[in-house]
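The next block holds one structure in the form of structure tokens; read it before the comments.
From a predicted model like this one, the values you see are computed outputs, not experimental measurements. Residues: numbered from 1 along the sequence shown.
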Amino acid sequence: MRSIRSPRRTALAVAATATALLSVSACGSGGNAPDNAAPTFVFASGTDTPGMVPDGTGSAMPSMPGMSMPSTSAPATAPADAPAGPNAVTITNFAFSPATLTVPVGTTVTWTNRDEEPHNISPATGGFKSPNMGTGATYTFKFTQAGTFAYVCSIHPFMHGTVVVTG
């Protein structure tokens with residue numbers, strides 16, 4: 001007696017055979033490349049490094065009419081309106097400089113943030129408190145009483161400073 005196969009059983013056998021053949025064929029290299037070869041990428045500049053020109057000279061950046069690159073020969077300077085002098089505190093590299101400032105009663109002290117992160121002035125005893133200051137922002141306070149005024153940046157409490165007001 002001859003066995004009768006159902007169409008469903010035949011389709012399942014064909015699918016299993018195709019899967020097995022595809023799995024086996026995917027394991028072989030099938031070409032001249034070694035088995036451990038990684039794909040090679042070539043960018044628009046014609047090199048394997050984005051932004052680099054093929055001969056290593058010049059610039060791969062497209063020209064932009066009306067735009068120029070800033071000069072790197074002169075060091076960066078503070079903005080013209082940034083305070084300088086004996087009554088100024090600069091915030092730079094997550095530190096107050098000078099860490100201790102001594103001024104006479106009636107002096108206005110100016111803090112300037114030169115960091116790229118926001119900072120503020122928060123005294124331990126109250127009396128003056130700055131808002132958060134972005135890069136280039138300043139805060140001023142006039143000290144009308146003698147004393148020692150310790151302060152921190154409340155955003156970065158490891159930053160400490162002191163104003164000593166003499167009378």
Separation between CZ of Phe141 and OG1 of Thr107, rounded to the nearest 0.5 Å:
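The OG1 atom of Thr107 is 12.0 Å from CZ of Phe141, to the nearest 0.5 Å.
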
Nearest 0.5 Å, please: how far is OH in Tyr139 from OG1 in Thr112?
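Interatomic distance, Thr112 OG1 to Tyr139 OH, rounded to 0.5 Å: 13.0 Å.
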
Over all heavy atoms of both residues, which pair between Gln145 and Val105 is shortest? Give the atoms and the distance, please.
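Closest approach of Gln145 to Val105: C-CG2, 4.0 Å.
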
Taking side-chain hydrogen bond (donor to acceptor under 3.5 Å, both in side chains) as the test, write out the residues that go with His156, two or more places apart.
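For His156 the side-chain hydrogen bond (donor to acceptor under 3.5 Å, both in side chains) partners, ignoring immediate neighbours, are His119.
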
Table please: side-chain donor-acceptor pairs of residues 160-167 below 3.5 Å, with sequence neighbours left out.
residue, atom, partner, partner atom, Å
His160, NE2, Pro157, O, 3.4
Thr166, OG1, Val103, O, 3.4

Compute the ring centroids of Tyr151 and Phe149, then answer whether they are less than 6.0 Å apart.
no

Tell me, do Trp111 and Val89 make a side-chain contact under 4.5 Å, heavy atoms counted?
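Yes; the side chains approach each other to less than 4.5 Å.
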
Is the shortest heavy-atom distance from the side chain of Thr140 to the side chain of Lys142 under 4.5 Å?
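Result no, sub-4.5 Å side-chain heavy-atom pair not found.
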
Tell me which one of Thr90, Ile91, Leu101 satisfies side chain to side chain contact (heavy atoms under 4.5 Å, CB included) with Phe96.
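Running side chain to side chain contact (heavy atoms under 4.5 Å, CB included) over Thr90, Ile91, Leu101 with Phe96 returns exactly one hit, Ile91.
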
Side chains of residues 126-134: which donor-acceptor partners sit under 3.5 Å, not counting sequence neighbours?
residue, atom, partner, partner atom, Å
Lys129, NZ, Ser122, OG, 2.8
Ser130, OG, Ile121, N, 2.7
Asn132, OD1, Asn120, ND2, 2.8

Under 3.5 Å, side chain of Thr135 to main-chain N/O of Asp115, donor-acceptor pair present?
yes

